[in-house]
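Below, read A as the first sequence line, B as the second, and so on, with proteins coming before strands; counting in each chain starts at 1. A quick note: this is a predicted structure, and the numbers were derived from the prediction, not measured.
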2 protein chains.
Amino acid sequence: MAQQVDDARRPPLSRDRVLRAAVALADDAGIDSLSMRKLAQELDVVPMALYKHVANKEQLLDGMVDVIAGEIDPPAHDIEWKSAVRQRILSARRVLLRHPWASRVIESRTSPTPAVLDYMNSIVGMFRTGGFSVDLTHHAMHALGSRIWGFSQELFPASPSPDPEMQAAMLHQLAARYPYIAEIAAAVAHDEESVVGSGCDDQFEFEFALELLLDGFERLRQHGWTSTNQSCA
Amino acid sequence: MAQQVDDARRPPLSRDRVLRAAVALADDAGIDSLSMRKLAQELDVVPMALYKHVANKEQLLDGMVDVIAGEIDPPAHDIEWKSAVRQRILSARRVLLRHPWASRVIESRTSPTPAVLDYMNSIVGMFRTGGFSVDLTHHAMHALGSRIWGFSQELFPASPSPDPEMQAAMLHQLAARYPYIAEIAAAVAHDEESVVGSGCDDQFEFEFALELLLDGFERLRQHGWTSTNQSCA
DNA sequence: ACCTGAACACCGTTCAAGT
DNA sequence: ACCTGAACACCGTTCAAGT
């Protein structure tokens, strides 16, 4: 009966409302806090009510990825393939930076949803109209992998550097066992003194690898590369 | 008292035995079936007994990655950097194919463990002794990303193709909305008719991208590339 | 001092009972 | 026919009671 009062003043539940609430919850509280029960609570609804609009949690996550994919800028026309691909992927990256949980969820999907296919189809199209063979396009897409979505697997993200003293001490200890890693860590630490603000580096690394791959694709295209002259067994 | 009889005929629990049992359980039953409770049961022990050797589940997973990292072939000496890196990474890939759960677990780690650092240190060392600057080595490692561990993010793994009829029907439906994707799917389906067995393709894609990146690194090294001439803000 | 059973605070999802 | 509360079968981990 109190339920009826609530019903009156809240919009009826719909798949779209469920998905948007899920995205908002993941944005605010993190993906680990996204449970069917908490989402239901957020929507002022009994948990089982969600199952009317979403078959199970997996399908909820599928839907969330679809929402995210819809936020990527539409493809640009009348520019050469490399700019078009780069622009689109960097747009995807901006979307993912707004939704930090999305990369992990995308990774865990097992089958693509419509908006995902739309996005991938448009990128494949850019290669094809740019003069790439079906074959080379196929391998290029695989080589890009998750980079298509604007993220690369950042393994063991840079430790949040504590005070400089601590940092120097750790570096010294590191150098004893892992001299080569320490060498890089030292160079990075030095760079950070001159460059203000973080987050810039990740972007640089992303674009570095992206450009390396795009340049590689272009070179193969120019040389008329095909996979048929490669052995496979 | 029955407990004492068990104690007599089973080796005492140790961190190493816990980790090996966890790896075996993940290999056999999948990572989703690996719970502290099931692992304890497998070891014929009460769940809380595990917490003597491992602080929590995260540390258990860290330890499992360490075990895996130890299975990678030791680095080769006296060969040029590219062969050395390629050989080591392809060895890591063979390890990961033996432990299909490992890539997902590696991705989820937030801080590296000793065996992980050893492995990364040795690869960094290969670049450095191969004539790469600290700077370029750093960016190359980032560009490789999870490829260092022998896997690439395979988004939406190839659907297990049902009977050929079904396949043709799906392809036709796909072509209507996603023509470019359908074009690739058709080419791949055609290839699979001639090439027997699957799994070969994934290996090909992996090596294709790896070689593209290694070639790209070499080119930058030869041209004396540095990041200082790049803008970053 | 050590070990461990019961308990806590959660999950996703099923299902039967209520309207 | 629809909706939903209680229940089921799990989690990882805490903690106090027992030896």
Quiz item: What integer distance in Å separates A/Met36:CE from D/dC11:C1'?
Solution: 17 Å
Quiz item: When the C1' atoms of D/dT13 and C/dT13 are considered, how many whole Å apart are they?
Solution: 23 Å
Self-check item: Test: A/Asp32 and A/Arg104 ion pair at under 4.0 Å
Solution: yes
Exercise. Carefully, step by step, assess B/Phe208 and A/His142 under the rule side chain to side chain contact (heavy atoms under 4.5 Å, CB included).
Key: CA-CA 9 Å; B/Phe208 173 85; A/His142 274 282; over 6 Å; no
Practice problem: Could you please name the partner base of D/dA7, counting Watson-Crick and G-U wobble pairs only when both distances are under 3.5 Å? | Solution: C/dT13
Exercise. Would you mind telling me which residue lines up with the more 5' stretch of DNA chain D, A/Arg37 or A/Lys52, judged by nearest nucleotide?
Key: A/Lys52
Exercise. Write down the distance separating the P atoms in D/dA9 and C/dA9, rounded off to the nearest Å.
Key: 22 Å
Practice problem: Give B/Met48 one of three labels, base, sugar-phosphate or nothing, depending on what nucleic acid heavy atoms sit under 4.0 Å from its own. | Solution: base
Quiz item: Which of these nucleotides, C/dG5, D/dT13, C/dT13, is closest to any side-chain atom of B/Asn56?
Solution: D/dT13
Quiz item: Charged N to carboxylate O below 4.0 Å: is that the case for A/Asp27 and A/Arg98?
Solution: no
Quiz item: Rounded to whole angstroms, how far apart are OH on A/Tyr51 and P on D/dA6?
Solution: 18 Å
Practice problem: Give a yes or no on this: more than 12 heavy atoms of other residues, nucleotides or ligands lie within 6.0 Å of atom CD of A/Gln173. | Solution: no
Practice problem: Assess the pair B/His139 and A/Phe204: is the distance between their ring centroids shorter than 6.0 Å? | Solution: yes
Self-check item: Paired nucleotide for C/dT19 [Watson-Crick or G-U wobble; both distances under 3.5 Å]
Solution: D/dA1
Quiz item: A/Lys57 NZ to D/dC10 P: how many Å, rounded?
Solution: 18 Å
Quiz item: Please give, in whole Å, the distance from C/dC11 C1' to A/Leu60 CG?
Solution: 14 Å
Quiz item: Nearest-Å distance, CG (B/Asp32) to P (D/dA9)?
Solution: 20 Å
Practice problem: Return the value, rounded to whole Å, for the distance between atom CD of B/Glu58 and atom P of D/dC11. | Solution: 17 Å
Quiz item: D/dG12 P sits how many Å from B/His53 NE2, rounded?
Solution: 18 Å
Quiz item: Could you give the CG-to-C1' distance, from B/Leu61 to D/dG12, as a whole number of Å?
Solution: 12 Å
Practice problem: Tell me which nucleotide among D/dC11, D/dG12, D/dT4 gets nearest to the side chain of B/Lys38. | Solution: D/dC11
